[in-house]
Peer 1: 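Can you keep this structure in mind? I'll have questions shortly.
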Amino acid sequence: MKVILLRFGELYLKGNNRDVFENTLIRNIKDMLKDEHYQFSKTFGRYVVSNFDENRQNEIIKKLKKVFGLYSLSPAEEVTAEPKVISEYVQKISCENQSFKVFVKRADKDFPISSMEFAKQLGELVLNSCKGSSVDLYNPQHEIHVDIRLNKKAYIFDEIIKCQGGLPLGCSGDGLLLLSGGIDSPVAGYLMAKRGMKFEALHFHSYPYTSELAKDKVIKLAKHLTEYMGDIKLHVVSFTKVQEEIHKHCKSEYMITIMRRIMMRVANGLCNKYNLGAIITGESLGQVASQTMQSMTVTGSVINSIPIFRPCIAMDKEDIIEISKNINTYDTSILPYEDCCTVFLPKNPVIKPTIKQAEHEEQFIDVDLLVNECIEGEEIIEVTKD
């Protein structure tokens with residue numbers, strides 16, 4: 001029987017609460033395959049998807065590859081875990097004019113032949129049945145895997161497809177992603193989702209200084225992320241008045257610092273309003289003036305009740321770009337529609353701000369009023385997965 005064999009990674013490290021993680025992962029798998037016809041079963045250390053339309057196999061695999069918590073998968077043949085049955089199937093595998101190696105994994109220790117001995121026996125069968133074949137234990141052209149499980153079934157396959165890995169989405173709480181129109185923040189959201197955190201998103205726009213196209217761009221970025229984490233609630237906040245007030249009353253070199261401190265306060269307010277447990281940003285140390293150690297210290301000092309997660313903090317830009325391409329957000333991120341961070345951009349922003357000076361500059365504007373107006377005037381957009 002044709003099946004898809006699923007493997008999970010870090011769940012092996014969990015102790016008494018492993019069932020919680022497994023149940024979350026299984027729920028996410030079934031949600032990802034909700035439009036498919038199939039059967040799902042589990043045996044220790046493996047999940048099995050079976051009885052699906054074989055014409056849909058590639059599409060099912062494409063979906064499963066996006067499930068956080070799955071480490072790898074293999075299209076496989078399920079047979080009864082008996083030496084004769086396995087041997088008969090392996091003997092039919094074509095390896096003509098190819099080098100090969102047979103791997104046997106024996107989770108069921110009641111199986112009568114050791115893994116090494118059985119691999120040797122199967123290798124001899126393939127060698128005798130395939131003209132021009134040869135055994136290569138180090139760099140084979142064709143790998144034949146036999147996975148003997150505790151459910152008295154054996155799974156035979158020749159391909160291991162890497163999946164997302166990480167932790168099942170939803171097992172690490174809920175956060176709020178500051179989603180700009182750039183490259184970094186969608187990657188930050190993806191990386192936190194990979195660690196099991198679901199999130200809503202927050203976008204600041206400054207119409208008419210920024211266009212509706214910039215807002216549409218962010219909606220499209222959120223849409224890409226739904227492929228990995230399902231529907232996303234996008235909070236869109238008008239930041240025009242905030243930036244105008246900062247521009248009028250604060251020193252130009254501190255504009256970005258004050259702006260980001262107010263953004264953090266707004267994000268914190270929304271987290272309190274919607275019971276979200278963390279703020280997520282795409283900041284990378286030293287990338288721009290607002291992302292120096294001192295700048296992030298001053299920006300983050302207005303938050304003391306929840307953590308700020310910065311998953312891109314130690315990453316090179318090229319590494320971030322590579323991930324953005326892999327998750328299909330890069331082409332959207334580089335569309336030439338400016339976000340609010342480029343409005344009233346000072347010529348020489350401070351790179352080593354102090355909390356004392358930032359608090360001094362904030363005396364000239366009504367911070368609480370501006371933050372409350374942002375929160376009260378939010379627009380909520382439900383970005384749904386196709």
Side-chain angles (χ1 to χ4, degrees), residues 1-9 29 33 36-67 70-165 326:
M1 178 172 64
K2 298 291 184 183
V3 302
I4 301 172
L5 191 65
L6 310 180
R7 307 174 191 86
F8 45 83
I29 291 169
L33 299 181
E36 304 290 342
H37 296 287
Y38 67 97
Q39 287 187 342
F40 179 90
S41 60
K42 56 185 292 189
T43 180
F44 186 78
R46 300 285 188 270
Y47 304 141
V48 181
V49 174
S50 61
N51 292 318
F52 52 85
D53 181 352
E54 291 185 24
N55 293 324
R56 296 284 301 168
Q57 176 175 294
N58 289 341
E59 187 61 29
I60 291 172
I61 289 174
K62 182 179 178 182
K63 292 178 179 181
L64 290 170
K65 285 172 64 178
K66 294 180 179 179
V67 176
L70 289 181
Y71 180 76
S72 66
L73 61 83
S74 295
E77 184 74 20
E78 180 186 274
V79 301
T80 304
E82 298 175 2
K84 181 179 179 181
V85 176
I86 296 171
S87 298
E88 288 176 350
Y89 185 85
V90 169
Q91 196 169 10
K92 298 175 185 177
I93 294 175
S94 176
C95 289
E96 290 189 1
N97 300 314
Q98 287 184 315
S99 61
F100 70 92
K101 180 180 179 179
V102 178
F103 298 81
V104 174
K105 181 171 289 187
R106 189 175 55 116
D108 183 1
K109 301 308 179 184
D110 290 334
F111 189 79
I113 310 173
S114 70
S115 298
M116 186 175 295
E117 179 60 31
F118 197 40
K120 181 180 177 181
Q121 291 181 18
L122 295 176
E124 290 177 353
L125 288 175
V126 175
L127 195 62
N128 293 329
S129 63
C130 295
K131 183 180 178 180
S133 64
S134 61
V135 175
D136 187 338
L137 300 180
Y138 302 102
N139 189 30
Q141 294 172 292
H142 194 166
E143 295 182 352
I144 301 170
H145 296 260
V146 178
D147 193 356
I148 302 167
R149 309 307 302 176
L150 291 172
N151 60 353
K152 305 303 179 182
K153 301 292 184 182
Y155 300 92
I156 304 168
F157 54 92
D158 59 7
E159 183 179 16
I160 298 176
I161 300 171
K162 188 176 181 181
C163 297
Q164 297 298 319
N326 290 338

Peer 1: Any idea which heavy atoms bring V102 and A119 closest together, and the distance?
Peer 2: O-CB, 3.8 Å
Peer 1: Determine the minimum heavy-atom distance between C95 and F100, stating which atoms define it.
Peer 2: SG-CB, 4.2 Å
Peer 1: Could you tell me whether the side chain of I4 reaches within less than 4.5 Å of the side chain of Y38, counting heavy atoms only?
Peer 2: no
Peer 1: Show the nearest heavy-atom pair for residues E54 and K2, with the distance to one decimal.
Peer 2: OE2-CG, 3.4 Å
Peer 1: How far does CG of L125 sit from CD of E88, to the nearest 0.5 angstrom?
Peer 2: 10.0 Å
Peer 1: N97 and Q141: which non-hydrogen atoms are nearest, and at how many Å?
Peer 2: O-OE1, 4.1 Å
Peer 1: How many angstroms lie between atom CD of Q121 and atom CD1 of I113, to the nearest 0.5 angstrom?
Peer 2: 4.5 Å
Peer 1: Can you check whether Q98 reaches S133 side chain to side chain, under 4.5 Å on heavy atoms?
Peer 2: no
Peer 1: Once rounded to the nearest 0.5 Å, what's the spacing between atom NZ of K42 and atom CZ of F8?
Peer 2: 7.5 Å
Peer 1: Provide the closest heavy-atom pair for L150 versus D108 in the form atom of the first, atom of the second, distance.
Peer 2: CD2-CA, 3.7 Å
Peer 1: Mind jotting down which residue pairs meet the ring pair (Phe, Tyr, Trp, His ring centres under 6.0 Å) criterion with at least one end in residues 118-144? Sequence neighbours excluded, please.
Peer 2: F111-F118
Peer 1: Please confirm whether the backbone N or O of E117 pairs with a side-chain atom of S114, one donor and one acceptor, at under 3.5 Å?
Peer 2: yes
Peer 1: Working to the nearest 0.5 angstrom, can you tell me the gap between H37 NE2 and R56 CZ?
Peer 2: 9.5 Å
Peer 1: Scan the side chains in residues 72-86 for donor-acceptor partners under 3.5 Å anywhere in the protein, sequence neighbours excluded, and list what turns up.
Peer 2:
{"unit_1": "S72", "atom_1": "OG", "unit_2": "R7", "atom_2": "NH1", "d": "2.9"}
{"unit_1": "S74", "atom_1": "OG", "unit_2": "R7", "atom_2": "NH1", "d": "3.3"}
{"unit_1": "S74", "atom_1": "OG", "unit_2": "R7", "atom_2": "NH2", "d": "2.9"}
{"unit_1": "S74", "atom_1": "OG", "unit_2": "E159", "atom_2": "O", "d": "2.6"}
{"unit_1": "E77", "atom_1": "OE2", "unit_2": "M1", "atom_2": "N", "d": "2.7"}
{"unit_1": "E78", "atom_1": "OE1", "unit_2": "Y155", "atom_2": "OH", "d": "2.9"}

Peer 1: Can you confirm whether more than 12 heavy atoms, excluding those of K131, are under 6.0 Å from its NZ atom?
Peer 2: no
Peer 1: Take atom NZ of K63 as the centre, draw a 6.0 Å sphere, and report whether it contains more than 12 heavy atoms from other residues, nucleotides or ligands.
Peer 2: yes
Peer 1: Anything under 30° is parallel, anything over 60° is perpendicular, the rest tilted; go ahead and classify H145 against F103.
Peer 2: parallel
Peer 1: Output the distance between atom CD1 (I60) and atom NZ (K62), rounded to the nearest 0.5 Å.
Peer 2: 13.0 Å
Peer 1: Given the rule in the side-chain contact (heavy atoms from CB on, under 4.5 Å) test, do V48 and L5 qualify, once you have shown the distances and angles that lead to the verdict?
Peer 2: CA-CA 5 Å; V48 181; L5 191 65; 3.9 Å; yes
Peer 1: Which pair of non-hydrogen atoms, one from S115 and one from K105, has the smallest distance, and what is that distance?
Peer 2: OG-C, 4.3 Å
Peer 1: Do I93 and V126 have side chains that approach each other closer than 4.5 Å (heavy atoms only, starting at C-beta)?
Peer 2: no
Peer 1: To the nearest 0.5 Å, what is the distance between CG on L122 and OH on Y89?
Peer 2: 13.0 Å
